[in-house]
Amino acid sequence: MKLILREYHLKLKHTFTISRESIDIQPSLIVELQSDGFSGFGEATSNPYYHITVPMMISDLEKIRSIIENTENETPEEFWSKMHPYLKDDMFALCALDLAYNDLYARKKGKKLYELWNYKTDHNPLTDYTIGIDSIEKMVFKMKELPWPIYKIKLGTKEDIAIVKELRKHTNAIFRIDANCGWTVDETINNAVELKKLGVEFLEQPMKADNWEGHKEVFKHSVLPVIADESCIIEEDVAKCFNHFHGVNVKLVKCGGLTPGKRMIEEAKKLGLRTMVGCMTESTVGISAIAHLLPQLDYVDMDGALLLSEDIATGVTIEDGIINYSNLNGTGVTLL
């Protein structure tokens with residue numbers, strides 16, 4: 001097996017702002033694994049919140065290049081378990097590698113990933129489209145630029161309710177709110193009352209990740225469901241979220257890929273938690289991998305490639321929130 005690493009700088013259509021940062025360019029690592037005439041592709045983006053850079057991911061993968069390239073005929077689960085001890089401190093790199101291996105494995109089997117997993121795609125959820133923090137005028141402009149059935153609105157300002165009230169005047173779409181750890185317990189409980197009146201479906205990670213007492217208080221008193229994001233990073237976190245959140249948002253780059261992501265979703269379902277997968281402004285490479293988990297999800301946020309001014313791959317396509325799979329096997333990705 002041959003390992004190929006490529007660094008990209010993905011340019012966004014608009015400056016993307018959340019409660020803690022703004023970006024115009026998203027650095028990204030694409031991993032390609034070649035074997036027996038097939039190629040599999042994976043992706044992970046850099047992230048300052050988690051102290052991850054593309055050069056760091058490349059360095060960590062180069063250290064184990066020979067181990068990766070000497071792999072033969074292992075299942076994705078076996079491969080992930082073999083790689084985890086080397087990459088346990090860089091789950092983003094492990095994610096890119098795991099996505100590529102899952103893609104390669106399914107292509108060799110002549111199947112799409114969801115077919116390999118025996119998932120039925122009849123009732124896939126729609127993806128939301130994210131509106132980053134901006135002036136109200138620009139947030140309205142972004143909604144009008146791309147009319148959509150579900151918007152995820154980034155908040156965490158002192159004018160959050162006023163923002164949503166104004167946005168509501170311009171669309172009947174479902175709203176989801178992501179405060180990215182920007183609120184207090186009281187703000188969350190009080191904001192939930194007002195936001196429910198404005199057609200908000202749920203709140204995502206309103207408070208700091210480690211505020212478990214606060215999460216439990218909000219879980220008891222919020223009139224809206226609350227979904228964990230920053231509080232649910234790796235497999236062990238799913239059980240912690242029980243009775244603290246109503247659901248979990250699994251991010252593949254944070255947990256180490258599709259292989260552990262599937263396990264997290266399965267555990268969440270057993271605990272009665274709602275299931276969601278989110279993206280980290282990936283190109284169509286990473287987004288196409290997420291698409292194969294759709295049959296197991298209640299919600300999905302896979303709009304990363306839609307936020308880019310120029311994509312680097314073809315794969316799944318998205319129209320009005322509906323995800324259409326590529327005709328190709330594996331994740332269905334081809335680099336441009």
Side-chain angles (χ1 to χ4, degrees), residues 44 47 49-52 75-95 98-99 102 117-119 125 176-185 188-189 192 201-280 289-290 292-302:
N47 192 288
Y49 181 79
Y50 295 102
H51 310 293
I52 299 292
T75 66
E77 292 78 13
E78 290 167 341
F79 181 70
W80 191 89
S81 295
K82 180 179 174 181
M83 296 299 144
H84 180 256
Y86 301 102
L87 296 170
K88 63 181 185 295
D89 295 324
D90 188 350
M91 300 297 259
F92 283 55
L94 181 55
C95 168
D98 176 77
L99 265 55
N102 270 279
W117 297 335
N118 294 314
Y119 289 171
R176 296 168 178 172
I177 300 300
D178 186 358
N180 284 111
C181 310
W183 292 346
T184 64
V185 171
T188 304
I189 293 169
E201 186 177 27
F202 63 73
L203 307 177
E204 185 179 335
Q205 195 69 46
M207 298 175 304
K208 289 184 178 176
D210 59 357
N211 186 5
W212 290 99
E213 284 187 19
H215 298 318
K216 192 158 194 175
E217 191 70 11
V218 167
F219 176 77
K220 287 178 185 174
H221 299 291
S222 174
V223 297
L224 286 173
V226 183
I227 309 297
D229 181 357
E230 284 88 345
S231 295
C232 189
I233 297 173
I234 56 175
E235 293 181 67
E236 290 77 8
D237 294 333
V238 176
K240 292 182 194 174
C241 290
F242 181 66
N243 281 338
H244 290 79
F245 291 91
H246 302 89
V248 294
N249 181 1
V250 175
K251 298 279 184 70
L252 301 185
V253 292
K254 294 192 291 189
C255 72
L258 285 164
T259 301
K262 278 178 64 195
R263 294 193 293 253
M264 290 173 75
I265 292 163
E266 287 162 9
E267 183 178 1
K269 282 177 168 292
K270 287 176 187 172
L271 292 171
L273 292 165
R274 302 183 197 186
T275 56
M276 179 177 179
V277 166
C279 63
M280 304 282 269
I290 292 171
H292 293 265
L293 294 170
L294 286 172
Q296 299 297 298
L297 305 180
D298 296 303
Y299 317 115
V300 70
D301 170 37
M302 49 181 290

*asked:* Run Lys254 and Tyr50 through side chain to side chain contact (heavy atoms under 4.5 Å, CB included) and show every step you take.
replied: CA-CA 9 Å; Lys254 294 192 291 189; Tyr50 295 102; 3.2 Å; yes

*How far apart are the C-alpha atoms of Asn243 and Phe219, what are their side-chain angles, what is the distance that settles it, and do they pass the side chain to side chain contact (heavy atoms under 4.5 Å, CB included) test?*
CA-CA 7 Å; Asn243 281 338; Phe219 176 77; 4.0 Å; yes

*Please walk me through it: do Val277 and Ile265 pass side chain to side chain contact (heavy atoms under 4.5 Å, CB included)?*
CA-CA 9 Å; Val277 166; Ile265 292 163; 3.9 Å; yes

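The minimum heavy-atom distance linking Phe242 with Leu271 is given by the pair CE1-O, 3.3 Å. The shortest non-hydrogen separation linking Cys232 to Met264 is SG-CE, 3.7 Å. The shortest heavy-atom contact between Pro206 and Ala179 is CA-CB, 3.9 Å. Of all the heavy atoms in Val300 and Pro125, the pair that sits closest is CG1-O, 4.2 Å. Scanning all heavy atoms of the two residues, the minimum distance from Ala192 to Leu203 falls at CB-CD1, 4.0 Å.
In this structure, Trp183 and Val218 have side chains that are not in contact, with every pair of non-hydrogen atoms separated by 4.5 Å or more. Considering only heavy atoms from C-beta on, Ile234 stays 4.5 Å or farther from Pro260 through its side chain. Within the 4.5 Å cutoff, the side chain of Val253 has no heavy atoms near those of the Asn47 side chain. Residues Gln205 and Ser231 form a side-chain contact, since some pair of their non-hydrogen atoms from C-beta on lies under 4.5 Å apart. Counting heavy atoms from C-beta on, the side chains of Arg274 and Phe245 never come closer than 4.5 Å. Between Cys241 and Trp212, the closest side-chain pair of non-hydrogen atoms falls below 4.5 Å. Looking at heavy atoms from C-beta onward, Gln296 lies out of side-chain contact with Thr275 at the 4.5 angstrom threshold. Side-chain contact between Leu294 and Met302 is present, with at least one heavy-atom pair separated by less than 4.5 Å.
Atom CD of Glu77 is separated from atom NZ of Lys262 by 5.5 Å, given to the nearest 0.5 angstrom. With values rounded to the nearest 0.5 angstrom, Ile189 atom CD1 is found 12.0 Å from Leu224 atom CG. How far CG of Asn211 is from OG1 of Thr184: 9.5 Å, rounded to the nearest 0.5 Å. To the nearest 0.5 angstrom, Glu204 atom CD is 9.5 Å from Arg176 atom CZ. Rounded to the nearest 0.5 angstrom, Asp301 CG and Met276 CE are separated by 5.0 Å. With values rounded to the nearest 0.5 angstrom, Leu258 atom CG is found 5.0 Å from Leu252 atom CG.
Classification of the Tyr299-Phe202 ring pair by plane angle, with boundaries at 30° and 60°, yields tilted.
Distance alone, capped at 3.5 Å, is enough to place a donor-acceptor pair between the Asp98 side chain and the Thr259 backbone. Not one N or O on the side chain of Ser222 forms a donor-acceptor pair closer than 3.5 Å with the backbone of Thr188. With hydrogens and angles disregarded, no donor-acceptor distance shorter than 3.5 Å links the side chain of Glu230 to the backbone of Ala209. With Glu78 contributing its side chain and Thr75 its backbone, the two residues share a donor-acceptor pair below 3.5 Å.
Within a 6.0 Å radius of NZ in Lys270, no more than 12 heavy atoms belonging to other residues, nucleotides or ligands are found.
His215 pairs in a side-chain contact (heavy atoms from CB on, under 4.5 Å) with only one of the listed residues (Lys208, Lys220, Met207), which is Met207.
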